[in-house]
Amino acid sequence: MALLDPINPLGEIAVDVLVCGPAASGRCPPRKALRTADRSPFTVVVDRDDDVRYTRTVLAAHHPSAGRVVVHPTVGGGDRLLWHDVLHAVADGRPPRAPSRTARGNQPAQERSVRAALKAGAVHRLTILRAHRTGLGVWADLVALHRTTGTDVIVVHHAELPVDLAHLLRHCDHRVLTTRAAVQAMHPPAGPGSAEVKPAHFPKSTVQ
């Protein structure tokens with residue numbers, strides 16, 4: 001699902017972003033007009049100092065069998081591998097079905113696989129770490145995933161929000177959390193016996 005895809009549930013938002021732009025944000029629609037009834041808002045955690053305690057807290061909450069999934073995106077993978085990373089996290093480290101097809105598929109095909117996996121796994125909370133390395137179009141797709149599935153999406157941005165991203169968020173119902181206490185409240189430890197999500201191992205020079 002691309003940002004300007006005409007069938008994208010956020011297509012109208014993409015157009016609004018291009019038309020009004022950050023400099024003319026006074027013309028943006030009020031957030032209440034975009035609220036999704038009976039749902040938690042799209043949640044953004046802003047970890048301005050890239051505090052490792054935020055990451056550890058979130059990773060310790062990974063518990064797929066309880067419907068809580070945490071994704072630590074492939075280092076250096078960019079947007080291309082994010083959906084595949086989600087599939088692996090939902091599968092709790094086991095290879096998802098037909099991984100070769102998923103790896104070769106285009107982004108819409110990968111996203112359809114993710115939606116099916118979230119539904120089949122009864123995933124009610126999906127947290128994406130390292131979201132400051134994710135492109136604006138994928139942020140829009142994650143907002144759409146939150147709005148059009150039964151999964152609440154949380155993204156952790158390990159830096160200040162840039163102007164364009166802050167503007168995109170004005171076009172959706174969202175909340176911003178900035179304290180570790182708030183992150184801990186949303187991500188209780190999974191407890192003994194649950195799987196631990198670990199980032200892929202790469203040379204130290206490539207780790208962000």
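These values consider heavy atoms only, across backbone and side chains, with no hydrogens, waters or symmetry-generated copies.
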Handout entry: CA sep, side-chain torsions, deciding dist, call: S65, H63, side chain to side chain donor-acceptor pair (under 3.5 Å)
Key = CA-CA 6 Å; S65 62; H63 197 349; 3.1 Å; yes
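Counting heavy atoms from C-beta outward, V153 and V143 have side chains that stay 4.5 Å or more apart. Residues P73 and L81 fail the side-chain proximity criterion, which asks for heavy atoms closer than 4.5 Å. The shortest side-chain heavy-atom distance between H158 and T55 falls under the 4.5 Å cut-off. V183 is not listed as a side-chain neighbour of V156, based on a closest heavy-atom distance of 4.5 Å or more.
A122 pairs by the side-chain contact (heavy atoms from CB on, under 4.5 Å) definition with nothing, not counting sequence neighbours. A search for side-chain contact (heavy atoms from CB on, under 4.5 Å) contacts involving T149 returns R115, L145, T151, not counting sequence neighbours. Looking at residues two or more places apart in sequence or on another chain, you find a side-chain contact (heavy atoms from CB on, under 4.5 Å) between A182 and L177, T179.
Between T43 and the options R175, H174, H146, a side chain to side chain donor-acceptor pair (under 3.5 Å) holds for only R175.
Going from atom CG of L126 over to atom NE2 of H124 covers 11.5 Å, rounded to the nearest 0.5 Å. The CD atom of E160 lies 10.5 Å from the CG atom of D47; values are rounded to the nearest 0.5 Å. Here the straight-line distance linking atom NE2 of H62 with atom CZ of R68 works out to 10.5 Å at 0.5 Å rounding. Here the CG atom belonging to L82 is positioned 10.0 Å from the CD atom belonging to E111, to the nearest 0.5 angstrom. Rounding to the nearest 0.5 Å gives a distance of 5.5 Å between CG of L129 and CG of L59. Between the OG atom in S40 and the CZ atom in R125 there is a gap of 11.0 Å [rounded to 0.5 Å].
Using a 4.0 Å cut-off between a side-chain N of Lys or Arg and a carboxylate O of Asp or Glu, R130 and D50 qualify as a salt bridge.
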